[in-house]
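Working notes for the structure below.
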Amino acid sequence: MTTDAQILSALRSCNEGGVSGAELSHKLGISRAAVWARIEELRTLGYDIEATPHLGYRLLNSPDTLHADDLLARLGKTKVIGRDVRVFQETTSTNDVIEKLARDNVPEGVVVFAESQSKGRGRLGRKWFSPSRKGLWFSILLRPKLRPQETTQLTVAAATGLRRAIERATGLKAKIKWPNDILLSGKKSAGILTELTAELDRVKHIILGIGVDVNLSAADLPAELRKTATSLRIETGKAVSRAELAVHILRELDHDYTRICSGKFESVANEWEEQCETIGHPVAIQIGERRFHGRAESLDDDGALLLRTQYGQLERITGGDVTVVG
Ligand code: BT5
């Protein structure tokens, strides 16, 4: 943990009381003057840190910016996801940044957040609207020991963890729409983009890109998204701390990633099916030029959707756009 992360972590753990400069200097193994310099730096980043002779330093407020050290300090120890966290002010797409890290052999679990993306993308080259500081736009590098055809398991695990985190952080009822949307009141509030690099029978790495609409107001949404998209702020009626939400999400994703890596996909799939608005319903699925009609039955062992078509056959669906009919 960096010095700043250790200072923030110490300030957070002392609740109402404060922590003295002497204590911090002892704990961190640096001089009191160096502690003071770091506190000043944190203040310039927007952390409201009070210094009083009796109580020492107290953290009164954190800014609504993403700060890698702060995220690491709040997150604590995880198994894989979030062992390394990096924050960019702006990038094309956080998936592009992770792609570069993957080529440099950076270990799995690294998370890259961007305050804004100039070329945020969805599936099939669609655009992902990523306005500055209004959402969580981030990607994770993973190197699971899965066969390429099993990687839909990862999108399923990501949707399960993301849904749970949004619900726990906000108290809202969130639902999954196959394969990659999280819905609030029937509207899209988050999306997942899974990009895969594989050899014939082996996954080299997977980039899990996630976009969550956190503090967008209705007016922030472009006209073409107003009917289909929503944000946590629109649904709760109040601003949501993005850093706190990010920590919830990374913890839940780490939990579900560990579950599938230890062969427990079935338990993740069961939770997914319980929370999915698509299962059990008549649906239309558009895959490129082809359109399927039928009833969404369940997930198979690899995470593909099993669709009972209008002609009675069972089709295995791994991509496309689903609409619940009727
Ligand atoms: C997705 O694609 O839902 C995947 C979105 C993944 C975004 C993250 S952000 C971090 C990382 N870096 C990236 O560049 N991407 C990932 P898809 O199912 O294809 O949905 C795309 C469609 O959602 C668009 O065509 C719009 O209709 C709609 N859309 C675009 N921006 C949106 C937003 N902010 N909120 C809700 N809907 C949106």
Side-chain angles (χ1 to χ4, degrees), residues 66 81 85-102 110-142 152 154-156 158-159 161-163 166 174-196 205-235 240 242 245-246 249-250 253 276-278 285-288 305 317-324:
L66 300 175
I81 294 177
V85 173
R86 307 181 188 190
V87 177
F88 288 70
Q89 284 313 303
E90 178 165 352
T91 182
T92 49
S93 154
T94 50
N95 275 35
D96 296 342
V97 180
I98 290 282
E99 183 61 54
K100 289 198 192 96
L101 297 178
V110 57
V111 186
V112 167
F113 287 88
E115 288 288 19
S116 77
Q117 302 183 112
S118 55
K119 288 193 182 140
R121 60 178 182 264
R123 293 173 303 150
L124 306 165
R126 293 172 187 146
K127 287 202 174 108
W128 183 260
F129 176 61
S130 329
S132 183
R133 295 172 193 258
K134 298 279 176 163
L136 291 175
W137 327 121
F138 66 102
S139 303
I140 306 169
L141 174 63
L142 297 171
T152 314
L154 257 182
T155 312
V156 169
L162 180 59
R163 191 211 68 83
I166 291 179
K175 283 280 174 194
I176 299 169
K177 182 178 162 212
W178 189 87
N180 65 331
D181 293 355
I182 305 297
L183 305 183
L184 293 171
S185 313
K187 291 181 167 182
K188 182 158 174 167
S189 62
I192 302 166
L193 173 68
T194 314
E195 292 181 327
L196 163 77
H205 65 260
I206 288 181
I207 302 173
L208 197 64
I210 297 183
V212 187
D213 297 319
V214 186
N215 285 328
L216 290 88
S217 65
D220 290 325
L221 285 168
E224 70 272 16
L225 292 180
R226 272 184 213 150
K227 280 211 176 88
T228 53
T230 188
S231 74
L232 275 51
R233 177 177 158 187
I234 295 173
E235 297 299 316
V240 170
R242 290 182 308 138
L245 177 68
I249 294 174
L250 296 183
L253 293 178
C276 176
E277 61 127 52
T278 322
I285 303 183
Q286 187 78 38
I287 306 174
L305 182 71
I317 310 279
T318 55
D321 290 299
V322 176
T323 322
V324 174

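Not measured: the values here are computed from a predicted model. Ligands are counted one by one from 1 in listed order, and the atoms in each one are counted from 1 as well.
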Who's the nearest protein heavy-atom neighbour of [atom], and how far?
atom                    : value
atom 1 (C) of ligand 1  : N180 ND2, 3.5 Å
atom 29 (N) of ligand 1 : L225 CD2, 3.6 Å
atom 30 (C) of ligand 1 : K127 O, 3.3 Å
atom 21 (C) of ligand 1 : R126 CD, 3.9 Å
atom 3 (O) of ligand 1  : K188 NZ, 2.7 Å
atom 35 (N) of ligand 1 : D213 OD2, 2.6 Å
atom 13 (C) of ligand 1 : S93 OG, 3.4 Å
atom 38 (C) of ligand 1 : W128 CZ3, 3.4 Å

I'd like to check which ligand 1 atoms, numbered from 1 as shown, lie under 4.0 Å from a non-hydrogen atom of [X].
X    : result
S139 : 11 (C)
T94  : 10 (C), 11 (C), 12 (N)
N95  : 11 (C), 12 (N)
F138 : 10 (C), 11 (C)
G120 : 14 (O)

Look up atom [atom1] in [X] and atom [atom2] in [Y], then write down how far apart they are to the nearest 0.5 Å.
X    : Y    : atom1 : atom2 : answer
L183 : I176 : CG    : CD1   : 9.5 Å
I81  : L142 : CD1   : CG    : 5.0 Å
W128 : T94  : CH2   : OG1   : 11.5 Å
L253 : F138 : CG    : CZ    : 5.5 Å

With a 4.5 Å limit on heavy-atom distance, are the side chains of [X] and [Y] in contact?
X    : Y    : answer
K177 : K188 : no
N180 : L193 : no
I210 : L136 : no
L221 : I234 : yes
T91  : D96  : no

Quick check: does [X] get an N/O under 3.5 Å from an N/O on ligand 1?
X    : answer
R121 : yes
R123 : yes
F129 : yes

Q. Who pairs with R123 by salt bridge (charged side-chain N to carboxylate O under 4.0 Å, His left out), at least two apart in sequence or on another chain?
A.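 Checked R123 against salt bridge (charged side-chain N to carboxylate O under 4.0 Å, His left out); matches are D321.
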
Q: Name all residues meeting the salt bridge (charged side-chain N to carboxylate O under 4.0 Å, His left out) criterion together with E195; count only those two or more places apart in sequence or in a different chain, and write none if there are none.
A: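 Expected list: R121.
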
Q. Among L101, I98, L141, which one satisfies side-chain contact (heavy atoms from CB on, under 4.5 Å) with H205?
A.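 Single side-chain contact (heavy atoms from CB on, under 4.5 Å) partner of H205 among L101, I98, L141: L141.
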
Q.
Is the contact between D321 and ligand 1 made by the side chain, the backbone, both, or neither, using heavy atoms and a 4.0 Å cut-off?
A.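 D321 to ligand 1: no contact under 4.0 Å from either part.
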
Q. Counting only heavy atoms, which portion of Q117 has something under 4.0 Å from ligand 1: side chain, backbone, both, or neither?
A.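 Side chain only.
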
Q.
Given G209, G135, S189, identify the one with the heavy atom nearest to atom 16 (C) of ligand 1.
A.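 It is G209 whose heavy atom sits nearest to atom 16 (C) of ligand 1.
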
Q.
Taking only non-hydrogen atoms of S130, do any sit less than 4.0 angstrom from ligand 1?
A.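 Flag not set, S130 not near ligand 1.
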
